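Written below as structure tokens is the structure these notes are about.
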Amino acid sequence: MQRIAIKPEDLLVRPHHLFDKITFLLTCGDFATNDFNTMTIGWGSIGTMWNRPFVMVAVRPTRYTYEFFERYQDFTVSAFPADFRKALTYLGTHSGRDSDKLKETPLVPIASAKVKSPSFEQAELTIECKSIYFSDLDPARFLDPTIDHNYPNKDYHRIFYGEIVHILGIQDYKS
């Protein structure tokens with residue numbers, strides 16, 4: 001699979017489709033020291049904030065990946081071809097606290113170009129981000145009360161904004 005560098009302004013995605021149907025793999029940590037964790041995510045956004053291209057991801061404090069966001073200042077989000085759906089499902093339903101869950105999948109972590117967090121050899125799109133802001137969701141501010149139904153355990157997400165510093169993807173993602 002031939003991947004090319006893509007400028008943020010040339011990134012061609014359908015954001016809702018990407019998060020809802022394709023599913024991203026969120027990875028945070030340090031590839032060089034093998035201290036990282038990865039999880040699937042289906043909630044987030046891509047856009048512009050503070051005149052910077054960004055990716056926003058939501059991580060519950062109960063997730064193992066949350067601990068890595070507390071220690072590291074960058075992350076990656078990666079999209080994969082459909083034939084990796086089983087591996088992504090596994091990574092989203094098993095905790096890295098309990099085992100090296102990546103060993104149970106065919107995915108191969110690799111060094112990223114601009115951040116310490118790894119990318120993946122099989123990814124058709126990887127967006128590398130430098131963390132620039134976070135905020136904890138406050139249920140008192142939900143304007144639609146049905147949103148709270150997503151939190152039966154009251155484990156409200158922390159929202160992380162990452163400035164996009166590098167994108168590598170197949171031609172389909174370039175305008």
Side-chain angles (χ1 to χ4, degrees), residues 1-48 52-59 63-69 71-96 99-132 159-175:
M1 165 178 13
Q2 176 70 26
R3 291 176 292 181
I4 56 173
I6 302 170
K7 294 178 186 175
E9 60 269 20
D10 294 333
L11 180 62
L12 181 63
V13 295
R14 295 179 295 158
H16 180 73
H17 177 80
L18 199 55
F19 279 98
D20 192 51
K21 304 296 182 206
I22 301 296
T23 308
F24 268 127
L25 196 58
L26 170 64
T27 307
C28 184
D30 185 349
F31 176 75
T33 62
N34 198 38
D35 185 37
F36 62 89
N37 195 61
T38 191
M39 62 183 265
T40 57
I41 59 170
W43 293 357
S45 62
I46 298 172
T48 302
R52 302 175 191 190
F54 80 90
V55 170
M56 183 278 292
V57 295
V59 183
R63 297 298 298 258
Y64 187 46
T65 302
Y66 182 92
E67 297 175 25
F68 290 84
F69 270 88
R71 296 195 315 264
Y72 294 101
Q73 298 301 309
D74 61 58
F75 61 92
T76 62
V77 290
S78 302
F80 295 83
D83 49 334
F84 289 97
R85 188 65 142 175
K86 183 177 177 183
L88 296 176
T89 299
Y90 181 85
L91 293 171
T93 57
H94 291 78
S95 176
S99 66
D100 184 352
K101 62 184 182 177
L102 268 177
K103 286 185 179 179
E104 303 300 320
T105 74
L107 300 181
V108 178
I110 58 173
S112 294
K114 306 273 184 185
V115 299
K116 291 183 178 184
S117 295
S119 298
F120 290 88
E121 187 176 286
Q122 300 89 344
E124 63 184 21
L125 174 68
T126 298
I127 304 174
E128 299 179 26
C129 300
K130 177 183 80 170
S131 296
I132 58 172
I159 306 301
F160 294 93
Y161 282 77
E163 180 178 2
I164 297 172
V165 296
H166 188 70
I167 303 170
L168 195 63
I170 61 174
Q171 185 65 42
D172 292 353
Y173 288 104
K174 185 175 181 187
S175 65

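Count residues from 1 along the sequence. Predicted model only: the values in this text are computed from it and were never measured.
- The CZ atom of Phe54 lies 8.5 Å from the CD1 atom of Ile164; values are rounded to the nearest 0.5 Å.
- Using a distance-only test at 3.5 Å, with no hydrogens or angles considered, a donor-acceptor pair links the side chain of Lys101 to the main chain of Thr38.
- Here the shortest heavy-atom pairing between Phe80 and Leu88 reads CD1-CD2, 3.8 Å.
- Glu163 is linked by a salt bridge (charged side-chain N to carboxylate O under 4.0 Å, His left out) to Arg52, Lys130, counting only residues two or more places apart in sequence or in another chain.
- Sorted by first and then second residue, the side-chain hydrogen bond (donor to acceptor under 3.5 Å, both in side chains) pairs involving residues 165-175 (not counting sequence neighbours) are Glu124-Tyr173.
- With sequence neighbours excluded, no residue forms a side chain to side chain donor-acceptor pair (under 3.5 Å) with Glu104.
- Taking 4.5 Å as the limit, every side-chain heavy atom of Phe120 sits out of range of all side-chain heavy atoms of Thr126.
- Enclosure of atom NZ in Lys116 is not indicated, since only 12 or fewer non-hydrogen atoms of other residues, nucleotides or ligands lie within 6.0 angstrom.
- Across all their heavy atoms, Ala79 and Ile22 have their closest contact at CB-CG2, 3.9 Å.
- In this structure, CZ in Arg63 is found 7.5 Å from OG in Ser95, a value given to the nearest 0.5 Å.
- At a threshold of 4.5 Å between non-hydrogen side-chain atoms, the residues Trp43 and Phe19 do not count as touching.
- The side chain to side chain donor-acceptor pair (under 3.5 Å) test applied to Tyr72 returns Asp35, not counting sequence neighbours.
- With sequence neighbours left out, His17 forms a side chain to side chain donor-acceptor pair (under 3.5 Å) with Arg14.
- Minimum interatomic distance between Ala32 and Asp30 (heavy atoms only, all atoms of both residues): N-OD1, 3.0 Å.
- In this structure, CD on Gln122 lies 7.0 Å from CE on Met1, to the nearest 0.5 angstrom.
- Shortest non-hydrogen contact noted between Leu168 and Ala5 is CD1-N, 3.7 Å.
- By the 4.5 Å heavy-atom criterion applied to side chains, Ser112 and Phe31 are not counted as neighbours.
- Ser99 places none of its side-chain heavy atoms less than 4.5 Å from the side chain of His94.
- In this structure the side chain of Leu102 reaches within 4.5 angstrom of the side chain of Leu107, judged on heavy atoms.
- A 4.5 Å side-chain heavy-atom check between Leu11 and Ile127 finds at least one atom pair inside the cut-off.
- No side-chain heavy atom of Cys129 sits less than 4.5 Å from a side-chain heavy atom of Val115.
- With rounding to the nearest 0.5 Å, the separation of CG in Asp74 from CZ in Phe69 is 9.0 Å.
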Query - Pair Phe75-Phe160, ring-ring contact (aromatic ring centres under 6.0 Å, His included): steps then yes or no - result: CA-CA 10 Å; Phe75 61 92; Phe160 294 93; 7.4 Å; no
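- Between the side chains of Thr27 and Ser117, no donor-acceptor pair is found at a separation under 3.5 Å.
- With sequence neighbours excluded, no residue satisfies side chain to side chain donor-acceptor pair (under 3.5 Å) with Thr76.
- Here the CG atom belonging to Leu125 is positioned 12.0 Å from the CG atom belonging to Leu25, to the nearest 0.5 angstrom.
- Two residues are said to be in side-chain contact when any heavy atoms from C-beta on lie closer than 4.5 Å; Val77 and Ile46 fail this criterion.
- When every heavy atom of Glu128 is checked against every heavy atom of Lys114, the shortest pair comes out as OE1-N, 2.6 Å.
- Atoms CD1 and CD1, from Ile6 and Ile170 in turn, are 8.5 Å apart once rounded to the nearest 0.5 Å.
- Here the shortest heavy-atom pairing between Thr105 and Ala87 reads CB-CB, 3.8 Å.
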